[in-house]
Amino acid sequence: MAVQLSEAAQTRITQLIKRYPTPRAVMLPALHLATQEFPYLDDEVCQAVADLLQVPMVDVKGVATFYTMFPTEPQGACEVHICFNLSCSLKGARRLLRRAEQQLGIEVGQTTPDGRFTLRGVECMAACDKAPMLYVNDELHGNVSEEKLDELLQQKSSGE
Amino acid sequence: MEPIITRHIGTPELWRLDTYRACGGYETLAKALQEHQPDELVAMVRDAGLRGRGGAGFPTGVKWGFLPKDGRPRYLICNGDESEPGTFKDRLLLENDPHQILEGLILSCYAVGAHLAFIYLRGEFFLGARRVQEAIDEAYEAGYLGRNILGSGMNLEVLLHRGAGAYICGEETGLIESLEGKRAYPRIKPPFPANIGAFGMPTVVNNVETLANVRHIVAHGAEWYNRIGPERNRGTRMWCVSGRVRKPGVYEVPLGIPLRELIFDHAGGLEEGRTLKAVIPGGSSSPILTAEEAMEVDSDFDALQRAGTMGGSGGLMVLDDRVCVVQSAYIISEFYHDESCGQCTPCRQGTGWMTKLLHRIEHGDGRPGDVDLLLSMGANIFGRTICPLGDAAVWPVESAINKFRSEFDHHISEKRCLPDTESIL
Ligand SMILES: Cc1cc2nc3c(=O)[nH]c(=O)nc-3n(C[C@H](O)[C@H](O)[C@H](O)COP(=O)(O)O)c2cc1C
Ligand code: SF4
Ligand code: FES
């Protein structure tokens, strides 16, 4: 059977289609919902979204691959996103990033073999007053020292 | 001076409707809908001289005046994509005071005659998205949104639209493409969004802080607003100060105060024993200022422009004497290369070449002639692209070379940073 979004997500998308000027405009909201329900957006998921929005699958895929928040391959359970833009770098962000690589035994952009962590260096997150800062999934941590980073990774690897 | 936009920030649970109302919230809306015609609000904002806080500083009332009067539906978009490196003021408002933004947005929609508005939030604003959505829901419930708002006959729908991680969505036409469900490829202008914007309709795009200002202009009038800041540069600005200062943060001050005050009084100055080396005043795309220049210049749009840079997005980054300018330029250049949408060859390729060259110079592999090569690459990108991201990538590097040329040359001849530098890479 073809992949489908949950009833709740489908209902939400149908409601939104009524409120936006075009069905296609519901693309980003629909892909956000799909990202919550599937580990990553493969062709089948894109097809399911395409059917709901009445647009060609390639259009959905084209959009999904353009935006960094839509995963097109499996991600770790904890996505550690360390900002390495200028203000954070001025406060040691790139050292932090290397330390995270060391602690997790992977390089930036990779996922640990046990599927627990994905590590990324990301651009300015509009929280430069809290530099250096990082996100673990949707949780923001500011003024992260190396000790705090170690603690955080420890905590997350022992399951919260 | 008392802050205006951030006056109530710090009030517990300001994001809740009850709290916002206890601070006088939505009184301006109720009054304006009864006492003013939409055109009067446009005139008020124009006479106040409000300039956009998103980057370009374009006069808001003038922009609103460009909307053709041809009966087509109009849309208003609140630009909450905030992703110019060094900028974090909109986040503060979105997370803490979403109703203030909504009140400004509703007033603006009334002024320009929009019945559908979008708040485009950058995807990573998870808390902001929750707070704004809750505020929208409360506002519908209380009759500030929806049909026949406060019995005035005005109808307005507001949709929160989350981005998904792409800097270029902050550029207004990239944003519009993204809103329409496409890749955020900026459009060639003209046509301008005021004529053909979202879904082919006349569209106003304004920054979060700009819309918050509208609320106060309508509350107190253009004359009051004209008493704040120098001519052509009225009002306050929410400066985001970060980098090598003691107290990084958002500081709302009247436009035009000396930049020096912002850094040394408000943001607490530099760490013990450090001296100021350079300042990037308006987000990472703005041309860099030397310490001497920064100590003399005022913070208004025009003064910064006269000094060869810009107020941009209000993201002020401070570099002290231990920071390497070449490394800083490399980090900035890498950012623009990563975020180039790839439509224009000069931007897609040029930013990559510039980044590679900077990397090579910084790593001690620079060759004589590399610095001039960087300058000529910049000249070949500048003004040859669809959107201003190409220019934005050139300004910081070009200005860094022009003002710190000897530091670049030192990297080439000595194959390392200046003595006493602490690497930020
Ligand atoms: C590359 C690029 C990125 C931009 N990013 C933002 C942004 O994140 N937020 C914003 O409000 N304006 C941004 N702008 C400016 C917008 O295009 C637009 O001018 C602004 O939202 C208009 O609002 P204002 O007149 O109230 O300033 C950006 C412009 C460019 C060229
Ligand atoms: S200048 Fe760069 S970001 Fe802007 S449209 Fe061209 S390629 Fe895209
Ligand atoms: S540079 Fe890291 S949040 Fe802005």
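All chains are named by letter (A, B, ...) in the order of the sequence lines, taking the proteins before the strands, and each is independently numbered beginning at 1.
Ion pairing of E422(B) with R95(A) is absent here, as no side-chain N (NZ or NE/NH1/NH2) approaches a carboxylate O to less than 4.0 Å. Ion pairing of E157(B) with R19(A) is present here, as a side-chain N (NZ or NE/NH1/NH2) and a carboxylate O approach within less than 4.0 Å.
Inspection of the T65(A) and R183(B) side chains reveals an N or O donor paired with an N or O acceptor under 3.5 Å.
Within the 4.5 angstrom heavy-atom criterion, only side-chain atoms of L140(A), from C-beta onward, approach chain B. For A127(A), the parts lying under 4.5 angstrom from a heavy atom of chain B are both the backbone and the side chain. Contact annotation for N143(A): neither backbone nor side-chain heavy atoms come within less than 4.5 Å of a heavy atom of chain B. Looking at A184(B), both its backbone and its side chain come within 4.5 Å of chain A, counting heavy atoms on both sides.
Chain B is approached within less than 4.5 Å, heavy atom to heavy atom, by E123(A), C124(A), M125(A), A126(A) from residues 119-126 of chain A, ordered by number. Proximity to chain B among residues 105-113 of chain A is not found for any residue, judged by heavy-atom separations below 4.5 angstrom.
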Identify all side-chain donor-acceptor contacts of residues 147-154 of chain A below 3.5 Å with residues at least two apart in sequence or on another chain.
unit_1, atom_1, unit_2, atom_2, d
K148(A), NZ, G142(A), O, 2.8
D150(A), OD1, R99(A), NE, 3.0
D150(A), OD1, Q103(A), NE2, 2.7
D150(A), OD2, R99(A), NE, 3.3
D150(A), OD2, R99(A), NH2, 2.7
D150(A), OD2, Q103(A), NE2, 3.4

All N/O donor-acceptor pairs, side-chain side in residues 7-17 of chain A, below 3.5 Å, sequence neighbours left out:
unit_1, atom_1, unit_2, atom_2, d
Q10(A), NE2, L5(A), O, 2.8
T11(A), OG1, E7(A), O, 2.7
T14(A), OG1, Q10(A), O, 2.6

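In this structure, the side chain of R162(B) does not engage the main chain of P29(A) through any donor-acceptor pair within 3.5 Å. Remark: the backbone N or O of G163(B) is paired with a side-chain donor or acceptor of H32(A) at under 3.5 angstrom. When atom types are taken as modelled, the side chain of T68(A) and the backbone of G165(B) share a donor-acceptor pair closer than 3.5 angstrom.
S87(A) and G86(B) get closest at one heavy-atom pair: OG-CA, 4.4 Å. Taking each heavy atom of K91(A) and G243(B) in turn, the nearest pair found is CE-O, 3.0 Å.
In this structure, the side chains of C240(B) and D129(A) stay at 4.5 Å or more apart for every pair of heavy atoms.
Residues F118(B) and Y20(A) place their aromatic rings such that the two centres sit under 6.0 Å apart.
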Given the rule in the side-chain contact (heavy atoms from CB on, under 4.5 Å) test, do I331(B) and R94(A) qualify, once you have shown the distances and angles that lead to the verdict? CA-CA 11 Å; I331(B) 289 175; R94(A) 291 184 186 228; 3.6 Å; yes
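Considering only heavy-atom pairs separated by less than 4.5 Å from chain A, the leading option among G249(B), G123(B), S83(B) is G123(B).
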